[in-house]
Amino acid sequence: MKIPKSGLSKEEIGARLSAVREGDVPWRSGKVWAYVYDAGRDVESVTKSAFMDFLTENGLDPTAFPSLLKLENEVVGAVASHLNAPETAAGTFTSGGTESILLAVKAARDRALSARPDLGRPHMVLPSTAHAAFQKAAHYLGLDVTIVPVDASYRADVAAMDEAITDRTVLLVGSAVSYAHGVLDPIEALGKLASDRGLLLHVDACIGGFVLPYFRRLGADLPPFDFSVPGVTSMSCDLHKYGFAPKGASVVLYRDAELRSHQFYACATWTGYTIVNAAVQSGKSGGPLAAAWAALKFIGDDGYMALSTKMYEATRKVCEGIEAHPDLHLLAAPDANLVAIASDTVDVFHVVDEMSRRGWTVQAQLTYGNSPANIHLSVNPRAVECVEELLADLDASVAAARGLPSGHVRSLVESLNAAAGDPPSRDAYQPLFDALGVDGGGLPDRMAPINEALDALPPSIREQLLIEFMGTLFTADRG
Ligand SMILES: *Cc1c(COP(=O)(O)O)cnc(C)c1O
């Protein structure tokens, strides 16, 4: 666009903004099982009003806005109690799971480098189910990573992680729970390994940290996964997932303040104002923090229990429905409200497209390691109202998927893979991308051929393709 010569009216702005959202997923419908964590209109109105109240306040400097310091200390304290952190624990409010993880990795790196300046490139050991944010952190912060295959239940293989430890290892990672399969890693065994080897252990509870204590109270048989396990030195827990705060809200916690101090950044070698940042952002809106505080206070323990009961029930019904289906199966029995569904008989990417045609938003997950292509469902509280409809539409989608062509792209990609050499060259794949029409910008009607191609490509080519695709989406529109 061009900056208009004279500004538009408030009404005109509102009308244009509502028109622009036409193509968005209808997240209030109950049929969006990813991206949005919806606790209903009441919570939405309270958190949005708190967000607006603090939108303009700046979290840059806690001495200028002591309100934000107080709110942050209260939110961090609430999450610390929820995860059984000791009195010595310290934490920080962040913009999301990725930032929490980035900071935990930075703290581990800088603590190790301060003790051993000649360490070289620090190294961390991840189960293949650990969130991609750890690899992103390694990429940003200059660490090496070893990705260790998980066992048949998609849980971390502790013995294999032990073998992957080197003299440069600074951090081990476990998930409570993993996003892809919703399962809890053996945190006690990982804690023992970390203690025995003198290493730090981060437990990523970004998605499970809020619900797991409630699921346990509802009868789920869950081993300890939080700071109650000796050896767990840091944790991440998102408020903008099942804390039901709006986006921009997570907490990173450390067993003690000394470890957290390696996360902080100060700079006194420039001419401007004093810089000391707890997290990645410097100037930042107080909105997400006030909204997260409001969610905790408004929903309360009883409210979270009621929401968790709905998610627990809905997950159980989804799992029963999938297990009874002749063409679908669960990849793992989930410990939380995240479900991965695979099939030996139909192409799951077609099933995802067919579900979209029926108004549902569910995520395709590609093959990696021992995890085959599958359909991911994040089971929200609203799901309890539409499980039967979901299962009926899944059944119809499976039937429709059976009639759709599959495998052409995959065999084309496999012959390309065989010819491409190591490392494969991007150019070799150009005809495939042309055929798929993925370089043209915008999204095609059906994603299955693209998902099928991505699924068959080596990960390094998948990554290149995704980055190029991103470049075609984000263009400066000067019209
Ligand atoms: C969502 C998620 C993250 C990343 O969080 P963002 O808020 O999307 O940055 C990390 N770990 C797990 C297990 C998650 O589910």
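Remember, it's 1-based here, ligands and their atoms both numbered in the order they're listed.
Counting only heavy atoms of the protein, atom 12 (C) of ligand 1 lies nearest to Asp204 OD2, 3.3 Å. For atom 6 (P) of ligand 1, the closest heavy atom belonging to the protein is Gly97 N, 3.5 Å. Of the protein's heavy atoms, Thr98 OG1, 2.6 Å lies nearest to atom 9 (O) of ligand 1.
A side-chain donor from one of His181 and Ser371 sits under 3.5 Å from a side-chain acceptor of the other. A donor atom on one side chain and an acceptor atom on the other are not found under 3.5 Å apart for Thr315 and Asn337. Of the N and O atoms on the side chains of Thr166 and Arg168, not one donor lies less than 3.5 Å from an acceptor on the other residue.
Evaluated by nearest non-hydrogen atom to atom 3 (C) of ligand 1, the leading choice among His240, Lys241, Lys247 is Lys241.
Residue-ligand proximity, Cys206 to ligand 1, at heavy-atom distances under 4.0 Å covers atoms 2 (C), 3 (C), 10 (C), 11 (N), 12 (C), 14 (C). Below 4.0 Å from some heavy atom of Val177 lie the following atoms of ligand 1, by number and element: 13 (C).
Below 30°, between 30° and 60°, or above 60°: for Tyr242 and Phe244 the angle between ring planes is above 60°, a perpendicular geometry.
Taking the six-membered ring where the residue is Trp, the centroids of His262 and Tyr254 are separated by 6.0 Å or more.
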